[in-house]
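The next block holds one structure in the form of structure tokens; read it before the comments.
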Amino acid sequence: MAEQPNKKALYTYHHEGCRCDGLALHVIERETQYKIPGLITLCFDGTDRGHMLDGKIIERTEDGFTFQRESGELFSFQECTLERFKSSVYKNVGNGANIAAAMADTADLWEWYRKEYPLDPTW
């Protein structure tokens with residue numbers, strides 16, 4: 001099984017009450033500032049801004065994971081393959097149709113997003 005979260009992956013994420021999936025990249029697990037055993041801070045770039053969520057990963061799968069915030073709200077993260085991007089995700093992304101058409105495979109898609117949205121060195 002691949003280690004999740006995969007730091008090179010582009011993910012889609014969905015949470016309760018959200019009508020569409022968001023994109024997440026540069027996903028990092030950190031020790032929470034509160035130093036509470038079992039609690040982590042999940043950091044990721046959502047292409048429009050950074051996110052830092054306190055909680056815990058409650059399930060890891062081959063291609064993703066489920067994160068539960070302290071409030072109980074669940075976030076489901078799944079690696080975004082080119083097939084998935086082309087079938088639905090592109091509709092929710094600025095210039096998504098052009099991005100989808102320009103990519104040859106999932107590795108190209110992930111690399112394009114990492115170059116377009118580089119990791120902030122202060123993370």
Side-chain angles (χ1 to χ4, degrees):
M1 182 183 312
E3 184 176 331
Q4 295 292 341
N6 177 347
K7 292 178 183 156
K8 292 187 177 187
L10 173 68
Y11 287 94
T12 57
Y13 71 94
H14 185 83
H15 62 91
E16 300 161 337
C18 183
R19 292 188 317 217
C20 62
D21 291 345
L23 288 177
L25 62 155
H26 308 302
V27 179
I28 301 168
E29 288 179 69
R30 289 186 156 173
E31 182 179 356
T32 184
Q33 65 180 351
Y34 308 113
K35 309 269 191 260
I36 299 170
L39 191 67
I40 65 164
T41 298
L42 187 71
C43 306
F44 62 93
D45 182 354
T47 69
D48 60 343
R49 66 183 179 90
H51 299 269
M52 297 174 71
L53 308 174
D54 290 329
K56 58 186 173 183
I57 293 178
I58 60 172
E59 180 182 21
R60 296 177 197 264
T61 65
E62 181 67 32
D63 64 349
F65 60 96
T66 302
F67 183 82
Q68 183 176 30
R69 292 186 74 174
E70 285 182 290
S71 65
E73 183 180 21
L74 296 175
F75 284 72
S76 176
F77 289 79
Q78 184 176 18
E79 291 180 0
C80 185
T81 63
L82 182 58
E83 180 181 333
R84 183 167 187 207
F85 189 86
K86 285 182 173 184
S87 72
S88 63
V89 176
Y90 80 93
K91 298 172 192 173
N92 302 319
V93 174
N95 207 23
N98 291 332
I99 295 167
M103 300 300 131
D105 58 25
T106 298
D108 282 350
L109 178 67
W110 291 7
E111 182 65 23
W112 186 87
Y113 268 95
R114 284 196 307 276
K115 285 181 179 177
E116 190 69 19
Y117 301 95
L119 180 62
D120 182 333
T122 62
W123 274 35

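In this text, all values refer to a predicted model and were calculated from it rather than measured experimentally.
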Are the side chain of [X] and the backbone of [Y] linked by a donor-acceptor contact shorter than 3.5 Å?
X	Y	answer
Y117	G46	no
Q78	D63	no
T106	L82	yes
W110	Y11	no
R114	K8	yes

Between Y13 and F77, what is the ring plane arrangement, given parallel below 30°, perpendicular above 60°, and tilted in between? parallel

Does K56 have more than 12 heavy atoms from other residues, nucleotides or ligands lying within 6.0 Å of its NZ? no

Using a cut-off of 6.0 Å, state whether more than 12 heavy atoms not belonging to E83 lie near its atom CD. no

For the pair E79 and Q4, evaluate side chain to side chain contact (heavy atoms under 4.5 Å, CB included) and give the outcome as yes or no after the intermediate values. CA-CA 10 Å; E79 291 180 0; Q4 295 292 341; 2.9 Å; yes

Can you tell me how far the [atom1] atom of [X] sits from the [atom2] atom of [Y], to the nearest 0.5 Å?
X	Y	atom1	atom2	answer
F85	K91	CZ	NZ	12.0 Å
T66	I57	OG1	CD1	9.0 Å
E111	M103	CD	CE	10.0 Å
T32	L42	OG1	CG	11.5 Å
I36	E70	CD1	CD	6.0 Å

Steps toward salt bridge (charged side-chain N to carboxylate O under 4.0 Å, His left out) verdict (R84, D21): CA-CA 11 Å; R84 183 167 187 207; D21 291 345; 2.8 Å; yes

Do Q33 and T41 make a side-chain contact, defined as non-hydrogen atoms from C-beta onward lying under 4.5 Å apart? no

Report yes if some heavy atom in the side chain of W112 is under 4.5 Å from a heavy atom in the side chain of L10; otherwise report no. no

Would you sort out whether D45 and L119 count as a side chain to side chain contact (heavy atoms under 4.5 Å, CB included), showing the intermediate values? CA-CA 8 Å; D45 182 354; L119 180 62; over 6 Å; no

Shortest non-hydrogen contact between [X] and [Y], atoms and distance:
X	Y	value
H26	P118	NE2-C, 3.6 Å
V89	C80	CG2-SG, 4.3 Å
C43	R30	SG-CD, 3.8 Å
P5	E29	CD-OE2, 3.1 Å
A100	Y90	CB-CB, 4.4 Å

Check the hydrophobic clustering (I, L, V, M, F, W, Y; side-chain heavy atoms under 4.5 Å; chains of links allowed) and say if L74 and F67 are grouped together. no

Let me check something: do F65 and L53 share a hydrophobic cluster, defined by ILVMFWY side-chain heavy atoms less than 4.5 Å apart, either directly or through other members? yes

Against F75, only a single residue in H51, H15, H14 fulfils ring pair (Phe, Tyr, Trp, His ring centres under 6.0 Å); can you say which? H15

Carefully, step by step, assess D54 and I40 under the rule side chain to side chain contact (heavy atoms under 4.5 Å, CB included). CA-CA 6 Å; D54 290 329; I40 65 164; over 6 Å; no

